[in-house]
Amino acid sequence: MEAFEILDPAFTSFVLPNAQLETLAEGCRWLEGPVWFGDHECLLFSDLPNDRVLRWSESGGVSVFRKPAGFANGHTRDREGRLITCSHQHRHLTRTEPDGQITVLASHYQGRRLNSPNDVVVKRDGSIWFTDPLYGINTDYEGGKQESERPPAVYRLDPQSGELSIVADDFEGPNGLCFSPDEQRLYIVETGQQFASHPVRHIREFLVSPDGRRLLQGRVFHEVRPGSADGIRCDQDGNLWTSAGDGVHCLNPAGALLGKIRTPAAVSNLTFGGRHLSRLFLCASQTLYAIYVNRRGVPFP
Ligand code: MG
């Protein structure tokens, strides 16, 4: 199967004619939350309903990094390279210290428990931005059925004070998120209520306030079809790569669909990795795929 679908001639230069979709891990239950560790040349990713975090490397293949894992979903790294994890089951956000100790960064807002942190990004100023929908506490499958104490929201955690603040509260189901390369805009996926008959499935774009602490006006950036978006990543040129029902869609900074990477199963989350951050790792249902592209992700931490 040809992996690339070119819808705009501009996409031709984004992809490699002989690059193939490679299968790196199979037989998992539902994959999410990939994060690349360039210093260890490995990828960590969540096998969510199996309550484990897996590790993949070119030389070592697949191994178990953490189990039980609190039904981990999204991951990223902070400015010091430490692993940041969203836990559905424990309804909190954690940081793994260099010695392996786990520090809880956020679990409550104004005395009430968070729902189930879903995805997380770190800005260059060290602030941690994450989404908190209800998906992880709606079912036992994704972390354990529990009562919600708060409406869904998007939060910012201040690195100095530890203060948690709400940056958006008009989402039914905030999901993946990603800054533009200049960090002047933040993209947030809206996937609505889990069991809605007509789910919303768009990506919203917000301007970040000049002090970098708040979101200003937002707009619908792109409607994803088929399926819905979940995880998103920008490349260095500001194009947005989003998961979708038929694989990965690449959107230009104006929100136009340029082309696709088609996969046999729907993609939930993706990330750039490899030596030049030009290899896309795709969590697609039970399978981890990778494919080289002719664009580079935004360097981090
Ligand atoms: Mg997600």
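Every number for a ligand or one of its atoms is a count from 1 in the order of the listing.
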*Report the C-alpha distance between Arg275 and Glu41 in whole Å, list the side-chain angles of each, state the deciding distance to 0.1 Å, and finish with yes or no for salt bridge (charged side-chain N to carboxylate O under 4.0 Å, His left out).*
CA-CA 8 Å; Arg275 184 161 301 167; Glu41 295 186 342; 3.6 Å; yes
*May I ask you to say whether Arg213 pairs ionically with Asp158, meaning some side-chain N is under 4.0 Å from a carboxylate O?*
yes
*Less than 2.8 Å from the Mg ion (ligand 1) is the window; count the protein N, O or S atoms in it.*
3
*Given the side-chain rings of Phe281 and Phe45, with only the six-membered ring counted for Trp, is the space between their centroids under 6.0 Å?*
no
*Any side-chain heavy-atom pair from Leu280 and Phe272 closer than 4.5 angstrom?*
yes
*asked:* Who clusters with Phe179? Use side-chain heavy atoms, under 4.5 angstrom, across I, L, V, M, F, W and Y, and order the result by chain and number.
replied: Val121, Trp129, Val154, Val167, Phe171, Leu177, Leu186, Ile188, Phe206, Val208, Leu215
*Flag the pair Arg82 and Glu97 as a salt bridge only when some basic side-chain nitrogen lies within less than 4.0 angstrom of an acidic carboxylate oxygen.*
yes
